Amino acid sequence: MGLRARLRTSVKNIAKAVAAGDPQGAQAAFKKAVPLIDSGVNKKFMHKNKAARHKSRLNRLVRQAQ
């Protein structure tokens with residue numbers, strides 16, 4: 001599975017955990033997604049500002065689930 005697919009899957013896992021009302025699961029999924037996002041920046045897959053925006057929005061989503 002490529003980086004893009006793993007990244008999208010990790011984002012979906014965060015959304016599923018939040019929708020299910022599982023803050024611990026959402027936090028764990030977020031911790032798995034952040035290195036993938038950073039890896040995308042290092043491989044010139046996405047711009048650093050876009051990565052920062054994604055991490056910020058996902059973090060806000062996780063915090064709201066708690």
Side-chain angles (χ1 to χ4, degrees):
M1 199 162 42
L3 177 62
R4 179 177 295 199
R6 285 185 286 151
L7 182 60
R8 288 180 177 179
T9 301
S10 65
V11 170
K12 288 177 188 176
N13 288 339
I14 294 170
K16 285 180 186 177
V18 168
D22 181 17
Q24 288 81 17
Q27 185 67 32
F30 178 73
K31 286 184 179 181
K32 289 181 182 178
V34 169
L36 289 174
I37 295 171
D38 292 336
S39 174
V41 172
N42 292 334
K43 294 180 181 180
K44 308 279 191 236
F45 171 71
M46 75 170 58
H47 194 271
K48 63 181 182 177
N49 291 353
K50 181 177 179 176
R53 183 174 65 243
H54 277 286
K55 289 191 289 188
S56 175
R57 289 179 181 173
L58 288 172
N59 190 26
R60 184 174 58 205
L61 185 67
V62 170
R63 282 194 323 245
Q64 287 176 352
Q66 294 177 354

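Keep in mind the model is a prediction, meaning the values are calculated, not measured.
When all heavy atoms of Ala17 and Ala26 are compared, the pair lying nearest together is CB-N, 3.4 Å.
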Got a list of side-chain donor-acceptor pairs under 3.5 Å for residues 3-15, not counting sequence neighbours?
from  : atom 1 : to   : atom 2 : distance (Å)
Arg6  : NE     : Gly2 : O      : 3.4
Thr9  : OG1    : Ala5 : O      : 2.8
Ser10 : OG     : Arg6 : O      : 3.4
Ser10 : OG     : Leu7 : O      : 2.7
Asn13 : ND2    : Thr9 : O      : 3.4

All N/O donor-acceptor pairs, side-chain side in residues 38-61, below 3.5 Å, sequence neighbours left out:
from  : atom 1 : to    : atom 2 : distance (Å)
Asp38 : OD1    : Lys55 : NZ     : 2.8
Asn42 : ND2    : Asp38 : O      : 3.4
His47 : ND1    : Asn49 : N      : 3.1

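Sorted pairs that involve residues 20-35 and meet salt bridge (charged side-chain N to carboxylate O under 4.0 Å, His left out), not counting sequence neighbours, are lacking altogether.
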